[in-house]
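Being a predicted model, the structure only gives us computed values, none of them experimental. Proteins come first, then strands; the chains are lettered A, B, ... in the order of their sequence lines, and each starts at number 1.
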There are 2 protein chains.
Amino acid sequence: MSDESRTHTGARPTLAAVAQLAGVSNSTASLAFSGTGPVSDATRERVLAAARELNYAGPDPRARSLRTGRSGIVGVVIEEHVRDAFRDPIKIALLDGISQELAVIDAGLLILTDTGEAAGRIQDASMDAVVLIGCSPRLDESIAALRQRGIPLVAIEGDPSGDVLTIGQDNREATRLAAQHLWDLGHRDVALVTLPLDRDRIRGPLTPEREAHGSSNTTMERLAGARDVFPDAVAFTARGSFVEEGTIAGHALLDDPNHRPTAIIAQSDLLAAGVIRAAEELEIAVPGDLSVVGFDGVRVDGLWPYDLTTLVQPAVEKGRAAGAAIVEMLDGEAPEPIGFTSEFHTGNTTAPPSR
Amino acid sequence: MSDESRTHTGARPTLAAVAQLAGVSNSTASLAFSGTGPVSDATRERVLAAARELNYAGPDPRARSLRTGRSGIVGVVIEEHVRDAFRDPIKIALLDGISQELAVIDAGLLILTDTGEAAGRIQDASMDAVVLIGCSPRLDESIAALRQRGIPLVAIEGDPSGDVLTIGQDNREATRLAAQHLWDLGHRDVALVTLPLDRDRIRGPLTPEREAHGSSNTTMERLAGARDVFPDAVAFTARGSFVEEGTIAGHALLDDPNHRPTAIIAQSDLLAAGVIRAAEELEIAVPGDLSVVGFDGVRVDGLWPYDLTTLVQPAVEKGRAAGAAIVEMLDGEAPEPIGFTSEFHTGNTTAPPSR
DNA sequence: CTGAAAGCGCTTACAG
DNA sequence: CTGAAAGCGCTTACAG
């Protein structure tokens, strides 16, 4: 027997080789591994012994997935580089929620970035389903190809769109609520710090032209909510949801003592924390001379003693909803779109304006 | 022609259907898509037109990967849950570095957790290669199966082991350096806060028994380095590299005013930040009454005005080295193991003991 | 430049 | 409980 096994070194052993050595057919060997069909204990044992002898590690996943039509892999497409996505606690919470639900069907999580150049990966990977995080399913070419492939697609906060299931968030209504809170406190001169407008992620003042061409659903909805209350608010767009970006934006909006807003609405907590940092550097008291609101409800280390006024969104829940929807779709069901609601949290970073 | 296309609705179109509609052979249609072989422009155009007509989105990745033997997917196995891994800046830096290099070969990143129950995924996923982060390749069963499969394996800070390429770190020497720094300052009563000892991640005082059975390479090496200078140091093991865990450990080591160390060596910066937080809560001055050193050299938000004395490790570089090694191995080369060195950074959290 | 044929390694009805 | 056969959808030498 060990002679026989030696003839198989070099190339990886196959199920056929194992079957041959065990003296059974391919089908029986296959059943012995999958545990699906009825195989006698003696036969199974013979097959497993042959596998051990040949150093066979089990059926090749590639062949199995061609045959069964399933790869056991669910793709997650993010818009930015891996490094940036992983710095955003909201994105991590989403991934966490997704992976919790996918664990149920034992699927792996394939991280794909859609930064333009690497679009090939999106089309060439064997995936059973795909979750889009913050991508615009309507516009994107590589995503169009996925839709054509007909695999289940779920978009978290994407543009609602025909064949893509959307997990939504009340971005506009929630931001409007925060803006109204500032209005009610007496603020009239309010500035905005926005998330990126599109995949290009250009930092700078938000001009009407750029605003007209914004394609990021989340950014545009939160912007609309703020504009519902403060239509003419000055705005500055950050390169991403990072504290440093908030600080840069804060300085851009606050450095000139003659043109300072009394409040700033930031589209994320990290941006808000950065704005507060900029205010500290400029010796502007928060909330005495500047009110700040965020969005997300994530814990920002080092913000203490500030308790940020913000909109708490259920990020892990959203991820779980996306994961659960994928599981249902793979099961042939057609789940309904889901909308999530944020909760307004009144912290100690907002107060009536001092002037 | 549109009648012909209609007959294909329902099932996904295949390359064969496209070839038939275009009036060419399978091989020619395949070449038209891959762009590999010589195909006349006219023929290619006819194939692509047929594909458009049938709504064919390109060759099925599953079939292609069975045929070519490559899936374009590289697995990354982490030991903990997704959520925990993504909270650790070092792990994110490693992933970032890996993904930078994998972008070169346009490979996707499949995140797999090795928390015990989900081990099936590790064996069943089609991957061209695997990077192990902080797993012990020697002990783990699911990883043994990967080795048997014969795909390239790279371990970051794993136990050096036969057929697994190791990307190392001078954990022991570096920690010894930090311990010596404390010794030179005059500290004799030093306590340790360690990372988890094994996959079970149990929090609590480090007993000799538990220490004897520790399996996490990184933890054990850093522990050995500290013991080189302070053989009898009391130690407390955290559940993971988080600020809160450091705070818990800090309280465990500092709450009793009669048995307080004059210095604490934490095995990560996040743990060190937590220890400092605990000290603040107990009104113990750092570095006046307590010196604290960390490991990693990551920016911890909210630590200011402290500048942590720590060992700066090149995490992104390590990730890149792992990614580059994978690329080489997939190319048939046999790269050498690499060892990385940490740099000692003297901050303002260490000083001579006050007693 | 194009086609006919083999085969990647498996799973799954279908018989027996 | 076991086997013979078909086929998942593609790519790749090999001819021509």
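No engagement by A/Phe33 is indicated, since no non-hydrogen atom pair under 4.0 Å with the nucleic acid exists. Looking at heavy-atom distances under 4.0 Å, A/Ser40 makes contact with sugar-phosphate atoms alone, never a base. As judged by a 4.0 angstrom heavy-atom cut-off over every strand, A/Thr14 is placed among residues touching the sugar-phosphate backbone only. B/Thr43 comes within 4.0 angstrom of sugar-phosphate atoms only, judged by non-hydrogen atoms across all strands, and of no base.
Put simply, the side chain of A/Asp331 never gets that close to the backbone of A/Glu333: no donor and acceptor are under 3.5 Å apart.
Running 5' to 3' along DNA chain C, contacts with non-hydrogen atoms of chain B at under 4.0 Å begin and end at C/dC1 to C/dG9.
Position along DNA chain D of the nearest nucleotide to A/Asn26 versus A/Arg44 favours A/Arg44 as the more 5'-ward residue. Positionally, the nearest nucleotide of DNA chain C for B/Leu31 lies more toward the 5' end than for the other of A/Ser27 and B/Leu31.
Within a 6.0 Å radius of CD in A/Glu336, no more than 12 heavy atoms belonging to other residues, nucleotides or ligands are found.
Between A/Arg62 and B/Asp128 there is a salt bridge, since a side-chain N of the basic residue sits under 4.0 Å from a carboxylate O of the acidic one. Taking a cutoff of 4.0 Å between a charged side-chain nitrogen and a carboxylate oxygen, B/Arg199 and B/Glu79 do not qualify as a salt bridge.
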#### Entry: Per-nucleotide pairing state of DNA chain D [Watson-Crick or G-U, under 3.5 Å; [ ] pseudoknot-crossing; | other strand]
|||.||||||||.|||
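Exactly one of A/Leu102, A/Leu109, A/Leu110 qualifies for a side-chain contact (heavy atoms from CB on, under 4.5 Å) with A/Ile73. That residue is A/Leu110.
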### Task
Could you please spell out the steps behind the side-chain contact (heavy atoms from CB on, under 4.5 Å) verdict for B/Asp124 and A/Arg64?
CA-CA 9 Å; B/Asp124 285 347; A/Arg64 189 216 292 272; 3.7 Å; yes
### Task
Start with the C-alpha gap between B/Ile92 and A/Ile92, add the side-chain angles, then the distance that decides, and say whether side-chain contact (heavy atoms from CB on, under 4.5 Å) holds.
CA-CA 11 Å; B/Ile92 291 177; A/Ile92 290 176; 4.1 Å; yes
### Query
Does the side-chain contact (heavy atoms from CB on, under 4.5 Å) test come out yes or no for B/Ile111 and A/Leu95, once each step is laid out?
CA-CA 11 Å; B/Ile111 307 287; A/Leu95 285 171; over 6 Å; no
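For A/Glu328, there are no salt bridge (charged side-chain N to carboxylate O under 4.0 Å, His left out) partners at least two apart in sequence or on another chain.
Contact check of residues 58-66 of chain A against DNA chain D (heavy atom, cut-off under 4.0 Å) returns A/Leu66.
The salt bridge (charged side-chain N to carboxylate O under 4.0 Å, His left out) contacts involving residues 36-48 of chain A comprise A/Glu45-A/Arg52, where partners must be two or more places apart or lie in separate chains. Listed by first then second residue, pairs satisfying ring pair (Phe, Tyr, Trp, His ring centres under 6.0 Å) with a partner in residues 22-48 of chain B read B/Phe33-B/Tyr56, not counting sequence neighbours.
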